[in-house]
**Q** 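Have a look at the structure that comes next, please.
We count ligands from 1, going down the list as the structure has it; atoms in each ligand are counted the same way. Positions are given from 1 along the sequence. Heavy atoms only: backbone and side chains are in, while hydrogens, waters and symmetry mates are out.
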Amino acid sequence: MSNWDVEKIRKDFPVLSQTVNGKPLVYLDNAASAQVPQVVIERGAKYLREEHSNVHRGVHYLSQTATTAYEAAREKVKRFINAKEAAECIFVRGCTEGVNLIASSYGRKFIGEGDEILISEMEHHSNIIPWQIVAEERGARIRVIPMNERGELIIDEYENLLGRRTKIVAVTHVSNSLGTVNPIKEMTATAHKFGVPVFVDGAQSVPHFPVDVQDLDCDFFTFSGHKMYAPTGSGVVYGKREWLDKMPPYQTGGGMIRTVSFEKSTFAPIPEKFEAGTPAIAANIGLGAAIDYLNSIDFAAAAAHEHELLDYATKRLSDIPGIKLIGTAENKASVLAFTIEGVHPHDIGTILDQDGIAIRAGHHCAQPVMKYFDVPATARASFAFYNTREEVDKLADAVQKVIEVFA
Ligand SMILES: Cc1ncc(COP(=O)(O)O)c(C=O)c1O
């Protein structure tokens, strides 16, 4: 394997040393939520122990300490995704809230009767439904970029779907159900030729490879902290200032105003305009600590290790008769979804759990993908840089056992 010292990295994650059902935990559900390193746990605990207070409100010591830490986390996010300014990085509870924020706010301002919203066939439900609701409200319609049997978007069709009526393209960077990495930079360049902004769901990309929003040139980008080694409740939606400045608030209330009177209220500049109410202070400070952690490791070597694991797991599972891989794109990240003939994925998940192996079984909030592949559900193993080749072997052996049990 590469120069990645996986055993050393594993020691950073306390949860990984547990046993489950008497067996060492093999955690292969990272696409749902990744585990949290000790330094992030400690940072959250320090905040709660020593700094807990509301941000942006008090003049007292604790409030200023909390505000400084919270805004420092925003600076870290800015550098992590290479935004032009920290103000373009809005803290949200996660990707779902990020999509809802942009769909609702952008939709109210820029989408009207007869307009079109372009999404793809491989979207997570959270990048479908908010756009459907906006489309219904605004009299617009959803159009869908199709994919091929490997689970890759058909780029020619994408280009044909773009047109005068297209008001936004909303597409995932990496599919959570297939692992496909989409060519976002090229797709964005094409959309921009039509003057159309691009929203990117980055939930499954930021944990696995460096993302540079200026290089992608996307107009909006969102991700969740809990999939990138941070606590739940943290997350970011990025938007270019030129868009965010023009868009109306999403939620309203405290913290997002400039002035309030019963006749009329005016709003704060970004990012506060989009951060009504008390935010998830501890969680987002934790997100900052997770970014520090990722900066402290060799992220390129981590990505290479994950790739080797994916290739190895793909080979091991493909060698088992009766297994069908779902999602065989040329460019993939970290997700290996499969079905076993005659066995429901939930049964696969339950049997693997008896061996301490955590995978996901279900539709992965991507029912259109299940429909395309004509399956009710799949089993999904998803890797992080702390997973090992031995764990892949345990997965393959356990899957073999499932086949024998059901034979
Ligand atoms: C591609 C993708 N988008 C969006 C989401 C939603 O993220 P969250 O539940 O953290 O809001 C997920 C979660 O699995 C995802 O994988």
Side-chain angles (χ1 to χ4, degrees), residues 27-36 77 81 90-104 119-133 144-145 147 151-153 169-182 184 187 198-209 211 216 218 220-238 250-251 279-280 283-284 286-287 290 306 326-327 329 331-337 358-370 372 377-384:
Y27 188 75
L28 299 176
D29 194 18
N30 296 286
S33 274
Q35 296 300 340
V36 179
V77 168
I81 58 170
I90 299 155
F91 282 127
V92 287
R93 274 186 303 128
C95 201
T96 301
E97 191 175 37
V99 188
N100 277 276
L101 188 159
I102 299 300
S104 158
I119 64 173
S120 91
E121 197 166 12
M122 64 174 74
E123 297 309 311
H124 186 281
H125 296 164
S126 67
N127 202 27
I128 300 175
I129 304 161
W131 298 110
Q132 263 173 351
I133 303 269
V144 182
I145 311 161
M147 62 183 177
E152 294 161 330
L153 293 182
V169 173
V171 69
T172 194
H173 201 172
V174 175
S175 155
N176 68 308
S177 54
L178 302 165
T180 313
V181 181
N182 287 320
I184 294 298
M187 290 177 78
V198 176
F199 173 93
V200 180
D201 172 350
Q204 300 293 347
S205 62
V206 287
H208 301 297
F209 51 81
V211 166
L216 293 175
C218 57
F220 305 102
F221 189 95
T222 189
F223 60 93
S224 298
H226 68 98
K227 295 183 196 288
M228 52 162 286
Y229 315 103
T232 52
S234 62
V236 172
V237 64
Y238 154 86
Y250 168 54
Q251 294 180 331
N284 284 314
L287 175 61
E306 284 184 12
I326 304 288
N331 194 2
K332 279 187 69 172
S334 239
V335 165
L336 189 60
I359 61 155
R360 194 65 148 202
H363 54 59
H364 315 291
C365 297
Q367 286 187 1
V369 171
M370 302 301 118
Y372 178 92
T378 68
R380 179 188 74 184
S382 53
F383 305 102

**Q** Report all side-chain donor-acceptor pairs from residues 171-179 shorter than 3.5 Å, counting only partners two or more places apart or in another chain.
**A**
residue : atom : partner : partner atom : Å
T172    : OG1  : V174    : O            : 3.0
T172    : OG1  : D201    : O            : 3.4
H173    : ND1  : S205    : OG           : 2.9
S175    : OG   : S177    : N            : 3.2
S175    : OG   : S177    : OG           : 3.3
S175    : OG   : L178    : N            : 2.9
N176    : ND2  : H364    : O            : 2.9

**Q** Which pairs, with at least one residue in residues 359-368 and sequence neighbours excluded, count as a salt bridge (Lys or Arg N to Asp or Glu O under 4.0 Å)?
**A**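 The answer is D29-R360.
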**Q** Taking only residues two or more places apart in sequence or in another chain, which ones pass side chain to side chain contact (heavy atoms under 4.5 Å, CB included) with A230?
**A**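 Side chain to side chain contact (heavy atoms under 4.5 Å, CB included) check on A230 returns S234, L287, A290.
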**Q** Could you measure the distance from the CG atom of L101 to the SG atom of C95? Nearest 0.5 Å is fine.
**A**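 L101 atom CG to C95 atom SG measures 12.0 Å (nearest 0.5 Å).
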**Q** Rounded at 0.5 Å granularity, tell me how far CD1 in I102 sits from OH in Y238.
**A** 11.0 Å
**Q** Heavy-atom cut-off of under 4.0 Å around ligand 1: list whichever protein residues fall inside it, by chain and number.
**A**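 Under the 4.0 Å cut-off, ligand 1 touches C95, T96, H124, S126, T172, N176, D201, A203, Q204, S224, H226, K227.
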**Q** As an exercise, state the distance from CG of N100 to CD of Q251, rounded to the nearest 0.5 Å.
**A**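 One gets 9.5 Å once the value is rounded to the nearest 0.5 Å.
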